[in-house]
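Report on the following structure.
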Amino acid sequence: MQTTEVTQVQWKVVMGTEPWKGKGNVKEGPNYAASYVSWDDAVAYCKTLSGKENKTYRLPTEAEWEYACRAGTQTAWSFGDDEN
């Protein structure tokens with residue numbers, strides 16, 4: 001899993017588009033996160049990048065995402081053992 005969001009410059013190099021252009025509340029610059037990207041767009045990004053680098057890139061599964069978000073916690077829920 002990548003340690004940061006895909007940046008605008010990374011997105012533009014791979015996809016050649018700027019889906020954040022002209023949208024409200026967007027900071028623009030090479031090191032800002034790419035935004036206004038749909039799930040389908042993200043899948044296309046992974047597929048395109050995989051082809052360019054001859055490696056496999058994909059979105060994490062729900063379980064992988066939760067595991068990463070838990071940051072090593074062992075509680076019943078990501079927010080602790082108390083369901084309240």
Side-chain angles (χ1 to χ4, degrees):
M1 190 173 299
Q2 187 164 309
T3 58
T4 63
E5 299 91 354
V6 172
T7 65
Q8 291 175 8
V9 73
Q10 289 171 320
W11 183 273
K12 192 172 177 182
V13 166
V14 173
M15 301 302 286
T17 63
E18 297 176 77
W20 55 87
K21 278 285 191 198
K23 307 288 191 207
N25 298 318
V26 174
K27 290 186 177 182
E28 290 191 40
N31 295 320
Y32 287 110
S35 56
Y36 289 92
V37 174
S38 71
W39 183 86
D40 289 328
D41 294 338
V43 170
Y45 176 86
C46 291
K47 184 176 180 178
T48 303
L49 184 60
S50 294
K52 286 184 178 218
E53 294 193 356
N54 202 26
K55 294 181 180 180
T56 301
Y57 294 96
R58 63 177 177 78
L59 297 178
T61 65
E62 183 179 354
E64 290 167 335
W65 179 253
E66 183 173 344
Y67 180 80
C69 290
R70 283 174 147 298
T73 61
Q74 301 289 321
T75 56
W77 294 279
S78 60
F79 51 83
D81 284 320
D82 183 0
E83 65 182 277
N84 294 322

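By convention here, the first residue in the shown sequence is residue 1. Given the structure is predicted, the values throughout are model-derived calculations rather than measurements.
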Quick one: does any side-chain atom of Gln8 pair with a main-chain N or O of Ala34 as donor and acceptor, under 3.5 Å? no
For Ala42 versus Val37, what's the shortest heavy-atom pair and its separation? N-CG1, 3.8 Å
Distance under 6.0 Å and angle within 45° of the ring axis: does Lys23 meet both against Tyr36? yes
Counting only heavy atoms from other residues, nucleotides and ligands, does the tally under 6.0 Å from OH of Tyr67 exceed 12? no
Looking at Thr75, is its backbone amide N or carbonyl O close enough to the side chain of Asp81 to form a donor-acceptor pair, meaning the two atoms are under 3.5 Å apart? no
Identify the two heavy atoms, one from Val14 and one from Tyr45, that lie closest to each other, and give their separation to 0.1 Å. CB-CE1, 3.6 Å
Closest non-hydrogen atoms of Met15 and Thr48, given as atom of the first, atom of the second and distance, are SD-OG1, 3.8 Å
First locate atom CG of Asn54, then atom CG of Leu49, and finally report the distance between them rounded to the nearest 0.5 Å. 11.0 Å
Straight-line distance of Glu18 CD to Ser35 OG, nearest 0.5 Å: 11.0 Å
Less than 4.0 Å between a side-chain N and a carboxylate O, is that true for Glu64 and Arg58? yes
Just wondering, are more than 12 heavy atoms of other shown residues or ligands nearer than 6.0 Å to CD in Glu28? yes
For the OG1 atom of Thr56 and the NZ atom of Lys47, what is their distance to the nearest 0.5 Å? 12.5 Å
Are more than 12 heavy atoms, taken from residues, nucleotides or ligands other than Gln2, located less than 6.0 Å from that residue's CD atom? yes
Polar side-chain atom of Gln10 near backbone of Thr7 as donor-acceptor pair, under 3.5 Å: yes
Of all the heavy-atom pairs spanning Tyr57 and Ser50, show the shortest one and how long it is. N-OG, 2.7 Å
Does the pair Tyr32 and Trp20 meet the rule for a side chain to side chain contact (heavy atoms under 4.5 Å, CB included), with working shown? CA-CA 11 Å; Tyr32 287 110; Trp20 55 87; over 6 Å; no
Quick one: does Trp39's side chain get under 4.5 Å of Leu59's, heavy atoms only? yes
